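Values reported hereafter were calculated over all heavy atoms of this structure, with side chains retained and with hydrogens, waters and symmetry mates removed. Just so you know, these numbers come straight off a predicted model, no measurement behind them.
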Amino acid sequence: MAARLVPAVKFVIKGGLAGVAVYVAYDQGLLGSGTQGAEALKKAQAALPPAIQEWTSYIGWELPPTPKFDFSPSDAWNKGVQTVMSALSVAPARACEYTVEGWKYVKDLVK
């Protein structure tokens, strides 16, 4: 009985953790628009260094200063969407070109 119960308990715990992770991501605005994601990133950048400093002083470790970076999730998202849409828009033409080249190659092999 216990051998059958352990996998079920593990599944429930993992599912609960996944649910909590999705809820926290939604609550912080990570699953919203790009501007909401950018705001959530700014909040995290402001909140994490003091929290890390507090924990390292509590543990007794000394870490190097955190690097500063300028990253816009909305710009990265837009660039990714534009790249994918561009590739999808030329896909039929490229497929025709590759088909013609393939047939030409096969015809040259048969000669």
Exercise for the section: List the atom of S89, the atom of S86, and the distance in Å for their closest heavy-atom pair. Expected result: OG-O, 2.8 Å

Scan the side chains in residues 94-104 for donor-acceptor partners under 3.5 Å anywhere in the protein, sequence neighbours excluded, and list what turns up.
| from | atom 1 | to | atom 2 | distance (Å) |
| --- | --- | --- | --- | --- |
| T99 | OG1 | A95 | O | 2.7 |

Practice task
Could you identify which residues cluster with V110, counting Ile, Leu, Val, Met, Phe, Trp and Tyr as linked when any side-chain heavy atoms lie under 4.5 Å apart, either directly or through a chain of such contacts?
Solution key: V106

Exercise for the section: Could you identify which residues cluster with Y105, counting Ile, Leu, Val, Met, Phe, Trp and Tyr as linked when any side-chain heavy atoms lie under 4.5 Å apart, either directly or through a chain of such contacts? Expected result: L109

Problem - Single-linkage hydrophobic cluster, 4.5 Å side-chain cutoff, V12 and V20 together - result: no

